[in-house]
Amino acid sequence: MMQRWHRKKSHFPLVAFIFLGIIVCSILYNESSIQQVHEEDPSNQGPNHQQHATTVTYVKPNLGTHSNFAPVLLDRFSRCNSTSEYSGKRIRWGDSKVERGRRKSLESCDVFAGKWVFDRESYPLYNESDCPYMSDQLACHKHGRSDLGYQHWRWQPHDCNLKRWNVTEMWEKLRGKRLMFVGDSLNRGQWISMVCLLQSVIPADKRSMSPNAPLTIFRAEEYNATIEFLWAPLLVDSNSDDPVNHRLDERIMRPDSVLKHSSKWEHADILVFNSYLWWRQGPVKLLWSAEENGACEELDGLGAMELAMGAWADWVASKVDPQKKRVFFVTMSPTHLWSREWEPGSNGNCYSEKMPIDWEGYWGSGSDMPTMRMVEKVLGRLGSKVSVLNITQLSEYRKDGHPSIYRKFWETLSPEQLSNPKSYSDCIHWCLPGVPDVWNELLFHLL
């Protein structure tokens, strides 16, 4: 091989050597630049997508304390005046006082590793028709689903038992407190589940629900407690923050600001955050807080989510005292859009599925591994300030738990739509009673 190389080398013209030298020098220069960027802040590697390493700058998230500059809030009428490629800006966040290591559990058992057990005696924990706050989007039996097996599955950890659900005990944990769920429609489903789990012991004249708004509040007078939901699908400020009118052609966010949302969530005693699904819908436009002329950058979903997680994490690191406030982050809720993933050769989705997947360790395309690794990295740096509600793997097994065609979203599905479940099934959200009730049992266990 070396002899062939020497024979060929003798025929190279001088200009080729010059050209080769230029390339080598260029590569060495770029490698040096990249190394310098990495050494500048080795713990803050930033989004791994569409970066321009030689132009990276770090931006401190705007929490209202770092700067007097208050950017104009985004709404559904906001537009980008121009769009360019992502410049490589990264979120600089962190607090040297953050305690490394997770909040210590009272037991060593991993409650997120287990199996689903059919339990007709103890489940469901409430009846769909008995909850006046049930959503038509999640009320599957009401909208025609006759097989009710999805309501009777109990989560059983391998090496221990979950703390048995107790309504009175949960209310005592919440006495005088605000429990707030913050995120997208999947987190709203978990909030509705929690309200349905708890509302039955509160007399009708001692409970109330505020009208649907960015912040919706269920209040129990006897316990001086609230269970709230804040619509914030991207965690950071965005043009999709209207809880009703958020289906937009162009998604714009402020990657360095949670000001609009944190002003509502900062006084809650127990916070349950989620974010995932909205980042899988294509590129996101970035409008930085210091940008005044509507000039946006564009970044893919994973990179944009990492920026948003950085701004959120800076709020947690700077503002959360674990002795006074509990913060939970719910891992991604999987979808079941392709039945071929659990039944090779089939060509459907979650429609007509009646049993969980019994293949332990199953992963489908509804759970994105790069996203999971990024979230794990961010949460790992927050240490004991955040508890992880790891619902992904256990929910992966529940292909039977989605509404499919048995739901109402704005309008009831037409006969033509009902006859085409392959196109109109909802394999993203979850029927209630069902899987989100178990998420809340895990929350109860960890509290």
Side-chain angles (χ1 to χ4, degrees), residues 26 29-30 33-34 36-37 40-41 44-93 184 214 231-263 275-315 368 370-371 374 378:
S26 176
Y29 174 80
N30 287 330
S33 300
I34 293 171
Q36 183 179 4
V37 169
E40 184 177 22
D41 190 352
N44 212 344
Q45 296 301 316
N48 298 317
H49 301 262
Q50 297 170 234
Q51 289 186 34
H52 298 275
T54 56
T55 59
V56 166
T57 56
Y58 289 96
V59 178
K60 185 67 178 173
N62 186 351
L63 300 182
T65 56
H66 307 300
S67 170
N68 293 324
F69 175 70
V72 176
L73 293 179
L74 300 178
D75 59 28
R76 62 193 179 95
F77 301 107
S78 300
R79 295 291 182 271
C80 294
N81 292 332
S82 62
T83 301
S84 59
E85 291 185 4
Y86 172 53
S87 64
K89 289 182 184 178
R90 300 177 186 171
I91 302 297
R92 182 186 296 281
W93 65 273
D184 58 23
W231 173 260
L234 302 179
L235 295 180
V236 293
D237 306 347
S238 78
N239 67 337
S240 300
D241 292 334
D242 187 306
V244 178
N245 297 310
H246 49 249
R247 297 296 177 185
L248 307 171
D249 295 333
E250 184 177 73
R251 211 154 356 99
I252 308 171
M253 74 171 195
R254 293 201 183 278
D256 56 339
S257 177
V258 296
L259 278 173
K260 179 167 52 174
H261 302 312
S262 63
S263 64
S275 189
Y276 168 52
L277 195 65
W278 279 55
W279 303 106
R280 289 172 66 90
Q281 300 177 12
V284 182
K285 301 294 178 66
L286 315 177
L287 183 58
W288 298 89
S289 297
E291 183 59 65
E292 297 180 348
N293 61 3
C296 297
E297 298 174 355
E298 186 170 274
L299 185 59
D300 64 87
L302 176 55
M305 181 179 178
E306 187 168 359
L307 292 174
M309 288 289 293
W312 169 82
D314 187 59
W315 180 87
D368 183 64
T371 301
M374 179 274 292
V378 173

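Here, residue 1 is the first one in the sequence, and each next residue gets the next number.
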Atom [atom1] of [X] and atom [atom2] of [Y]: how far apart are they, to the nearest 0.5 Å?
X	Y	atom1	atom2	result
Met305	Tyr276	CE	OH	8.5 Å
Leu234	Asp241	CG	CG	7.0 Å
Asp184	Ser240	CG	OG	11.5 Å
Ser257	Asp314	OG	CG	11.0 Å
Gln281	Arg251	CD	CZ	5.0 Å
Arg90	Tyr58	CZ	OH	4.0 Å

I'd like to check [X] versus [Y] (side-chain heavy atoms, cut-off strictly below 4.5 Å). Are they in contact?
X	Y	result
Trp312	His261	no
Asp242	Asp75	no
Leu287	Cys296	yes

Under-4.0 Å salt bridge between Glu250 and Arg79 | no

For [X] and [Y], work out which heavy atoms get closest and say how close.
X	Y	answer
Val258	Leu235	CG1-O, 3.8 Å
Thr83	Cys80	OG1-CB, 4.0 Å
Leu307	Lys89	CD2-O, 3.8 Å
Pro214	Pro243	N-CG, 3.6 Å
Lys260	Ser238	NZ-O, 3.3 Å
Pro255	Ala311	O-CB, 3.4 Å

Between Leu286 and the options Glu291, Glu298, Arg254, Met253, the side-chain contact (heavy atoms from CB on, under 4.5 Å) test singles out Met253

From the options Val284, Thr371, Asp300, select the one residue that forms a side-chain contact (heavy atoms from CB on, under 4.5 Å) with Trp279.
-> Val284

Backbone of Ser289 reached by a side-chain donor or acceptor of Asp256 within 3.5 Å | yes

